> 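One structure is given below, represented as structure tokens, and several questions about it will come after.
Quick caveat, the model's predicted, so the values are computed rather than measured. Numbers here simply count residues along the sequence, with the first being 1. Counting starts at 1 for both ligands and their atoms, following the listed order.
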Amino acid sequence: MRIVLVGPPGAGKGTQAAFLAKNLSIPHISTGDLFRANISQQTWLGKLAKSYMDAGDLVPDEVTIGMAKDRMEKPDAENGFLLDGFPRNVSQAEALDEMLRSESMKLDAVLDLEVPEEEVVKRIAGRRICRKDSSHVFHLTYSKPKKEGVCDACGGELYQRDDDSEATVRTRLEVYHTQTEPITDYYKAHGLVVTVAAVGTVEDVTTCVMEALKPDEDGK
Ligand code: ADP
């Protein structure tokens, strides 16, 4: 399956993606994680991306599209992938279409996670992430680690992302509305969008997501 995950920052894309990727045996490709890996390895791409990310802006398409393409061309993505954070604007969506078309491939679904804005701000303000594995995500109120500052799963250090500050979150939401939301309309025109209300527990959302991805009776 080839799936694109969209939703505002804090919608729980990473959390759901980790589960879905495992369940569907496809790689989870997160452009945010790829940029963060480049930042921690201090590559030129990481240095370039950091200034945009810290400001809450999109990293320029010229480098983002190339990075996403390189990752999608790895052998583990041959039979499918789950894209998280890409595409994030209409020109990236067009570039993805072009890439898929040239390989005679197509997307199976675009999963749109809907969350009210106040909820997003609350989720992000308390979010803490493991330095060793960014799929280990905690929250100071909703999903506290047993020991403050330490990941329950692997003992890694928990930290707050630089772009999770309140001021940056506002910009990220704005960028989401102006640049990313239009891709939902783009994909709606292709009949690919499945919308899921991403509120409630993580398990509730996972159940809804799996239900939404089930093929229709007529096999579509
Ligand atoms: P979130 O979904 O919580 O906003 P991500 O980890 O997906 O977080 O992305 C963090 C930041 O990385 C974005 O705010 C942006 O600066 C950059 N980024 C990630 N994916 C893309 C993309 N496809 N195009 C441009 N910038 C991106």
> Can you sort out the partners of Glu94 under side-chain hydrogen bond (donor to acceptor under 3.5 Å, both in side chains), two or more places apart, ordered by chain and number?
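For Glu94 there are no side-chain hydrogen bond (donor to acceptor under 3.5 Å, both in side chains) partners, ignoring immediate neighbours.
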
> Can you list every salt bridge (charged side-chain N to carboxylate O under 4.0 Å, His left out) pair that touches residues 165-180, not counting sequence neighbours?
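Residue pairs with at least one partner in residues 165-180: Asp163-Arg172, Asp164-Arg172, Glu166-Arg170.
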
> Do Asp76 and Arg71 meet the salt-bridge criterion of a basic N to acidic O distance under 4.0 Å?
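Salt bridge flag = yes for Asp76 with Arg71.
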
> Would you indicate whether the side-chain heavy atoms of Phe19 and Val209 approach each other to under 4.5 Å?
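Sidechains of Phe19 and Val209: no contact.
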
> Who's touching ligand 1 if we go heavy atoms under 4.0 Å?
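Contacting ligand 1 under 4.0 Å are Pro9, Gly10, Lys13, Thr31, Gly32, Phe35, Arg36, Met53, Asp57, Leu58, Val59, Thr64, Gly85, Phe86, Arg88, Gln92, Arg127, Arg161, Asp163, Arg172.
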
> Kindly write out the residues that satisfy salt bridge (Lys or Arg N to Asp or Glu O under 4.0 Å) with Glu73, not counting sequence neighbours, or none if the list is empty.
Lys69

> Should Asp97 and Arg101 count as an ion pair when the cut-off is N to O under 4.0 Å?
no

